[in-house]
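Contents: one structure, followed by commentary.
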Amino acid sequence: MSENQNGNWPLWEVFVRSSRGLSHVHAGSLHAPDATMAVRNARDLYTRRNEGTSVWVVPADAITASDPDSKGGYFESAQGKSYRHATYYTKSEGVKHL
Amino acid sequence: MSAFASHDSATKQSAGDAITAEEIAETGGKASEAVARYALRLGDDALMLSQRLGWWISRAPELEEDIALGNIALDLIGHARFLLTYAGSAWGKTEDELAYFRNEEEFRSVRLVEQENGDFGQTIARQLLFSFYQFELYTALQSSADQTLAAIADKALKEVEYHQDHAAQWILRLGLGTEESKRRIQEGLYYVWPYLDELFADEPLHDELEGIAVRPSTLREKTMDRVTALLAEAELEVPNVTQARLSAEPRDGSYSEYRGYILAEMQWLARQHPGATW
Amino acid sequence: MTEQTTTADQAATTAEQQHFDHLISEDSRVEPRDWMPEAYRKSLTRQVSQHAHSEIIGMQPEANWITRAPSLKRKAVLMAKVQDEAGHGLYLYSAAETLGTPRSVLNEQLLSGKAKYSSIFNYPARTWADMGAIGWLVDGAAICNQVPLCRASYGPYGRAMVRICKEESFHQRQGWEILYELSHGTEAQKKMAQDAVNRFYGPALQMFGPPDADSPNSQQSMEWNIKRFSNDELRQRFVDMIVPQAEALGLTLPDPDLKWNEERGHYDYGELDWNEFMSVIKGSGPCNVQRMKRRREAHANGAWVREAAQAYAERQAREAAASSEDAQDQTTVMAGRGSAELIGA
């Protein structure tokens, strides 16, 4: 990582859990020299107003992403499979608890 | 809020449920003369250090650190407001009357918190000693027989834990980082070290407040054991310097030259408009 | 490169361009790894980083008053506000970085004077009342500008704006409240408040940029949905908002041409001094030199600290790697660069 020279700290992605029972949600990023400082900086930067009960930090370059949706069919397979959804089945309409 | 409604749960905000200076003014009750004098000591320490640290905002080594130092300064001014408000209840004075309309010789802060910021190393050295001391102080003060002091200590302690951690993380990084950082943090430690004794000096006031105030001398060993262990881990030396002289009544007479400058800047505007509300 | 692949590339680019155009026309969002036209990327990087630089330079006029705030409550509020501005700068740098330019480069552009920031911060904050005027007028104008940008076509920018707008609503209110206390205080305080409003009114209106006729880049930005309303539309909206707010303060706005226009349903306002605006942007504002000097000093004085932290991180990573080799235990979680860290539940 060329940026990681001359005292330029690496980039970390920050995920915040806003309350118990919810998932961590991506909040943004920050720079920190290491994981220990990153998690502290994340607390200061992303939870100044009680936004979080928990924080994850991950080195930005450790994240592997799917292809962007402009490039082909990564999510195409999930399209057109409406039988995966309850609304696909209509015969049972009016029958309770189904 | 509809203009920027968001489903992003990472931006949900709340004010939290911690105590505020206003609540202490309303429900903290009236401090006795001795308790007020004690609260004033702790409050002045927090106020002076907050005033010092506030200077760093917009000048820190990295933007993330502007925010970290700002957080600590904000916590400290919160503590100062609790403590001055409570102290003022004994004399019918507000936090602002105490902060802005007392003269130099009426403040009761220790010299350590009045020392200059210097470079980041010097600031961190001062943070190390003060936050480690304050951690032990508030830990002990949680069991004070005075309910208001105990409640303030309880709230402050959670924040001071973070100040202590911040100082420790930086002591390690500066001590084990580069030649230059090791030199600078070591110099910073030498600069602040002579003011240690004053932190742990007992006063007759503490005898008067048995069970209410924390006797400073009882904090020394606990604080310094942890400080010296950290310095060893950071491969830094414990400064071998003589302590700055104390007057017979530590906080009543031996204040630093800096105090006058700090107050001149802090109080100037308020004193230009006595009786004004802001 | 063979002729065949060139043709294939062109075809691909066209498909990508079509996808991008489709996202924009649907008022959908472009995300970091999507293909986007180079001009869009460049324009956004400039816009978002200028915005970030403005937050960072904008800390200075207010930070100067932290040590002098006239009450402990105001001191705490001001500290929290200036700290927020550092946070807002970081949210925006974070968004700008997703466009491919690292923060170190953006920062270099600021320090070298290549990048611009909002010219309002080149005016001095001379009195305590300026803290009020900056909060009410400068942050007010900024919010007016930013609320529509919560729907900017670039996802990370819009999300940063949502967060910033939520936090800034307190900034404007605390400023208005400072002025309210002053304008209801002593004669001297009232005078101080009016003087601050007199000085900040014009520059605040200029924060929306030059008149539409003189704003060549606006049209493209509007088409890309990274600008939602024209400079003059936003300026008008702001003027209409602050007139009644000034009345509630009991202060006057320093504009003899300011009056309600029944026909338009808006307030008319006077001509602004655009020569002054251009000269401040070009560097001859009262504080350009001192603002840049302070930023450069902070960066230079912090170099040894940043380097130390980095050296420490590298040392920790080396030691962890060495010890995990010693232990021949591949399941050991690596400390340092490779690891994620968690706090809380």
query = Name the one of His53(C), His171(C), His51(C) that satisfies ring pair (Phe, Tyr, Trp, His ring centres under 6.0 Å) with His88(C)?
reply =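 For His88(C), the ring pair (Phe, Tyr, Trp, His ring centres under 6.0 Å) check succeeds only for His171(C).
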message = Please check if the number of heavy atoms outside Arg173(C) that lie under 6.0 Å from its CZ is greater than 12.
response =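 12 or below, so no.
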query = Relative to chain A, which segment of Asp84(C) carries a heavy atom at a distance below 4.5 Å: side chain, backbone, both, or neither?
reply =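 For Asp84(C), the contact with chain A is made by backbone and side chain together.
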task = Can you tell which part of Phe20(C) gets under 4.5 Å to a heavy atom of chain A, answering side chain, backbone, both or neither?
result =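 For Phe20(C), neither part sits under 4.5 Å from chain A.
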task = Examine distances only and state if a side-chain atom of Glu97(C) and a backbone atom of Arg103(C) form a donor-acceptor pair shorter than 3.5 Å.
result =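 Indeed, once roles are kept as given, a pair shorter than 3.5 Å links the two residues.
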query = Of the listed residues (Ala160(C), Ala311(C), Ala309(C)), which shares the most heavy-atom pairs with chain A below a 4.5 Å separation?
reply =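 The residue among Ala160(C), Ala311(C), Ala309(C) with the greatest pair count is Ala309(C).
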request  = Please identify each residue that fulfils side chain to side chain donor-acceptor pair (under 3.5 Å) with Asp21(C), with sequence neighbours left out.
outcome  =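 Partners of Asp21(C) by the side chain to side chain donor-acceptor pair (under 3.5 Å) criterion, ordered by chain and then number, come out as Gln17(C).
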